[in-house]
Amino acid sequence: MKRWWSVGTLGLMSCQASMDSSSSVDLFEEERLRQHVQILASDEFEGRAPSSVGEQKTIDYMVEEFRALGLEPGNGDSFVQPVPLVSITAQASELTVAGGETELSLESGSQMMVWTKRVVEEVFLDRTEMVFVGYGIVAPEYGWNDYEGVDVQGKTVVMLVNDPGYATQDAGLFRGNAMTYYGRWTYKFEEAARQGAAGAFLVHETGAAGYPWEVVSGSWSGPQFDLVSEDRNLSRAAVEGWLTEEAARQLFDLAEMDFSALVDEAAEVGFRARSLDVQASVQIRNQLRESVSHNILAKIPGTRFPEETIVYMAHWDHLGRDTSREGDQIYNGAVDNATGTGALVEIARAFQSQSLPPWRSVLFLAVTAEESGLLGSRHYTEFPTVPMERTVAALNMDALNVHGPSRDVQVIGFGSSALEDYLSRAAARQGRVLTGDREPEKGYFFRSDHFHFAKRGVPVLYAESGPDHREHGEEYGRACAEEYRAERYHKPSDEYDASWDLRGCLEDLALLFDVGYELSRGQKFPEWYRNSEFYRAGAVLAEARSEAPTTE
Ligand SMILES: [Zn+2]
């Protein structure tokens, strides 16, 4: 363990340790972070695909770094947690919809996409009754239930994407323009399964989904990864899918229903689901391939409340190598997410350099298969090494800032939990301010690994430099972000670049360190704000804690 402060300095520090200094940014050395990113994103690591040669190299590298810092294994006596994966390649027939004398035939790719999450070789829908369930939401905290008074057992539901707040832009409905979890397509399929539906289709609309149809058809073709769960996902609806808006219109025409009118109605309080009186049929054949990947875990045990744990997380995986490409075949994933993965090591180093050790444990969790649908983080929260009710907070890092210092700190999912108070204090010490997500309607909060902790009630923080560049202003910051999105994001050109300006990144790491260190030296469990859709899940964890309090 290397300590950077001389004994003389230590003597002057109060019990607040780094909290008193203007910022902890001096704890971080740019050169060290650069080195991690350069190595993890090198061609030798082949783009860090799950279950590849790159995976083993990543594990070896991270474990050696954690060991050198004196960290302990985070999963019993192991630094890894196996994550069983299955890849499913689906071949679907047309989707036929029968109504009276006529029949509608929808083609895979251009008019609809279908798949099954069930890990089986074949599924089908055979003339299942179709029911329009509006937004497909059951949200007691917003007084909303699209399934009230309707039985969809064994039927096929058709639903709209996003939520009534977005549709009406009414700030009093759900969270207005900001997408709630109820607006996310993942939620809608889960709810449809809970309701016993055999089939579940979402109607695509570019604005409400946050992306065009090409993203839907592109991301749902080819092999799809999933976790191998105990029930082989048999609790899911047999068939899930998307319809283009045009296909939905044809379907409603066939049912002699006014699509536009029903869409409006679905956003109104008191909407009632209704049968379309048409029947859907489709058949899907799957090709299954199983493999094992790994989460990497290392911890610093707390000195007083070792069971209580603060989690720092980042996905180590990226898209690997595409041998069908001409030229550069390796998706190095330097920004996404060698930066976050390397940062785990540097935050661990900052903790180990403190003269006052954390009372609570700190877990450094590098998860796999984020790019395949947040699978490593989901697996961890299903099989956590620390119970969820003892997990104080989860702080996620995904694609850190390489464009220089910024005045603003963008909190994705702003207005969620009391963790923002901790962050706001730390930001003030750097002369920075918190701002909300710039595009809350796109639901970025639900699109990275912290989300699975949120779903289980653990407060999360997903914050990063905003665009307001300290020296060149906001326009420059926006241009940098745009350049990354257009030229590098999920492309082989996401490579390490010696010209990166990591000053802002180090400031962000200092913020996250400050938040976690303060939590680690306290006894509070920060709570979700009451208007958050995760408040209830958080209350369940609080209840479990009050029944079995932690002892020193
Ligand atoms: Zn990422």
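We count ligands from 1, going down the list as the structure has it; atoms in each ligand are counted the same way.
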Engineer: Which residue pairs pass the ring pair (Phe, Tyr, Trp, His ring centres under 6.0 Å) test with at least one member in residues 385-429, sequence neighbours excluded?
Structural biologist: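 Residue pairs with at least one partner in residues 385-429: there are none.
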Engineer: Among the N/O/S atoms of Asp398, select the one at the shortest distance from the Zn ion (ligand 1) and name it.
Structural biologist: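 Sorting the N, O and S atoms of Asp398 by distance to the Zn ion (ligand 1) puts OD1 first.
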Engineer: Identify whether the distance between the nearest side-chain nitrogen and carboxylate oxygen of Glu240 and Arg236 falls below 4.0 Å.
Structural biologist: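 Arg236 and Glu240: salt-bridged.
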Engineer: For N/O/S atoms only: which one belongs to Asp336 and is nearest the Zn ion (ligand 1)?
Structural biologist: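 Result for Asp336 and the Zn ion (ligand 1): OD1.
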Engineer: The test is side chain to side chain donor-acceptor pair (under 3.5 Å); show your working for Asn75 and Thr385 and say whether it passes.
Structural biologist: CA-CA 6 Å; Asn75 184 26; Thr385 58; 5.6 Å; no
Engineer: Could you tell me whether any N, O or S atom belonging to His318 is less than 2.8 Å from the Zn ion (ligand 1)?
Structural biologist: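 Checking the Zn ion (ligand 1) against His318, no N, O or S atom falls under 2.8 Å.
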Engineer: State whether the number of non-hydrogen atoms from other residues, nucleotides or ligands found under 6.0 Å of Glu205 atom CD is greater than 12.
Structural biologist: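 Yes, because the 6.0 Å sphere around CD of Glu205 holds more than 12 heavy atoms from other groups.
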